[in-house]
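Below, chains carry the letters A, B, ... as their sequence lines are ordered, and counting in each starts from 1.
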There are 2 protein chains.
Amino acid sequence: MAASDLAALAALFADESRAAFLLALLDGRAWTAGELARQAGVAPSTASEHLGKLVAGGVLAEERQGRHRYVRLADPGIAHLVEDLAARSQPEVPAAPRSLREASAGEAMARGRTCYDHLAGRLGIAITEAMTVRGLLRQDTGFALTDRGLTWFDDRGITLVRKGRRPVARGCLDWTERRPHLAGIAGAALCRHALDAGWCVRIGSERAVKVTAEGESALYASLGIAPAALR
Amino acid sequence: MAASDLAALAALFADESRAAFLLALLDGRAWTAGELARQAGVAPSTASEHLGKLVAGGVLAEERQGRHRYVRLADPGIAHLVEDLAARSQPEVPAAPRSLREASAGEAMARGRTCYDHLAGRLGIAITEAMTVRGLLRQDTGFALTDRGLTWFDDRGITLVRKGRRPVARGCLDWTERRPHLAGIAGAALCRHALDAGWCVRIGSERAVKVTAEGESALYASLGIAPAALR
DNA sequence: TGGACGGTTCGGCCGCCGCCGAAGGGTGTG
DNA sequence: CACACCCTTCGGCGGCGGCCGAACCGTCCA
């Protein structure tokens, strides 16, 4: 309808510094203005202006604590939008890593990471595939949990709290694997459960996660995922 | 990963003229450069430059025929992206129409329209709701056709051709109704069937469609949709 | 073979926006 | 109370990009 509104929203994503902020914030956590400025390589004053625009545009939510300004993605819908844009903008063949450090960090991210509030990477794909094969998730005619899938969550004491318009299950296209993994309320609940129950732990200060020994056996027991599939 | 790629893609949407083009192209058809220029109110030379960028960025596909340059959205994924951006950028309460002509055109669009290649507006919502109530579509745990839904399509001779990564069923958020309607392969096939079978016809040169008398009885017979629900 | 028409290219203008450093305000700390 | 720290505001600079009109090129038509 209103082209100017669409253009104004897109303009918020159309700056390299702001895009860097958004990609960093895709880890689902709240960052301070200074952290984002360092991450994107711009002066604090520049970052401050960018954050002002993103908050005013409803892309970010902010929370002031003392002399710190914490910001996070405003809601799952925005995260979804950033994911989609990022997925479309990725070149088909990713650039080769330039250093050993970069390669190992990239490998860790490819093994397992969070994508806003759910699990992605080979870990996320393995879970999604296992749930599909076991009849807990239906991907052939769309993307939805089955009744058995609901029971599976229930049996593990993971409650799916429906609120707002957010779908219970949604496919999120994985950057590295180029296949969908489980997102939505169920994806978020599962990720929280995995972290709470010690199935995996965050490594470094980044989005990467590592599956623990207990996680491997739990994933094998509940979904039949072979530990080798995660490496 | 690459913030500059994301920003570059978003920049293609971040101009009012280009956004107007994309919204016009959401009707799923191919437009000529001149038509788009008039629609957006810019000089032909300006439109030509914009189209060059959109095509180079993979957002539009072009087809040259004689002295005409036809362009359309490159693929359903782009249409999805435009829809999502448009839905997010809409103000919560749409502006009141300024003229009677505008009001009646808006009302026609609200009743029924195409959204890229599927049906939207009250018509799209009514179909989606009816399919959900009848157990053909599952929305409570995601968005997917059920086995009975597959049979329903089969019974009507509508074949769902799976190709590429496009999902069979997907929810597309409706601008006017703010509820999801059926998109994806099934949504496109149903829309094509509805137009082919004369259930509805395009009105004007716009995206609006009108349900015919045969359409009303067909929708009632096959999905139990009362004609009153479409007005 | 003109001429109308759709589209493109080019030059030039203008405005917007991202960037920084300097200065200042509010907050926590020694 | 002074100082360090995080963030913000402001001024000024520079570049990018959208816009148009004029000229041009190819296509279709009389």
### Query
So does B/Ser45 get a side-chain nitrogen or oxygen closer than 4.0 Å to the phosphate oxygens (OP1/OP2) of C/dC10?
no
### Message
If the threshold is 4.0 Å, N to carboxylate O, is there a salt bridge linking B/Arg72 and B/Asp27?
### Response
no
### Summary
Separation of D/dG18 atom C1' from B/Leu51 atom CG, nearest Å, is 14 Å
### Task
Whole angstrom is fine here: how far is it from NE2 in A/His68 over to C1' in D/dT8?
15 Å
### Query
Hey, is the main chain of A/Glu35 close enough, under 3.5 Å, to the side chain of A/Thr32 for a donor-acceptor pair?
yes
### Summary
A/Leu36 atom CG is separated from D/dC7 atom P, nearest whole Å, by 9 Å
### Query
Taking only side-chain nitrogens and oxygens of A/His50, does any of them come within less than 4.0 Å of OP1 or OP2 of C/dC19?
yes
### Task
Ignoring backbone atoms, test whether A/Thr46 places a side-chain nitrogen or oxygen under 4.0 Å from the OP1 or OP2 oxygen of C/dC19.
no
### Query
When you check the phosphate oxygens OP1 and OP2 of C/dG18, does a side-chain N or O of A/Lys53 lie under 4.0 Å from one of them?
yes
### Message
I need the A/Asp117 CG to A/Arg192 CZ distance, nearest 0.5 Å.
### Response
7.5 Å
### Task
Specify the separation, in whole Å, of atom CG of A/Asp15 and atom P of D/dG15.
17 Å
### Message
Rounded to whole Å, how long is the line connecting atom CZ of B/Arg38 with atom C1' of D/dC20?
### Response
18 Å
### Message
Between the base of D/dC5 and the side chain of A/Arg67, is one N or O donor paired with an acceptor at under 3.5 angstrom?
### Response
yes
### Any donor-acceptor N/O pair under 3.5 Å between D/dC7 base and A/Arg69 side chain
no
### Task
Give the rounded distance in Å between these two atoms: CD of B/Glu16 and P of C/dC17.
12 Å
### Task
Return the value, rounded to whole Å, for the distance between atom OH of B/Tyr70 and atom C1' of D/dT27.
13 Å
#### Entry: Along DNA chain C (nearest heavy atom to each residue), the more 5'-positioned of A/Gly66 and A/Ala43
A/Ala43
### Query
Looking for any heavy atom pair under 4.0 Å, which part of the strands does A/Glu49 touch: base, sugar-phosphate only, or nothing?
base
### Per A/Pro44 side chain, nearest of listed nucleotides D/dT8, C/dC19, C/dG18
D/dT8
### Query
Does B/Arg113 use its side chain to pair, donor to acceptor, with the backbone of B/Val209 at less than 3.5 Å?
no
#### Entry: Inter-residue atom distance B/Leu9.CG - B/Ser4.OG, 0.5 Å rounding
11.5 Å
### Query
Between atom CZ in A/Arg64 and atom P in C/dG28, what is the gap in whole Å?
13 Å
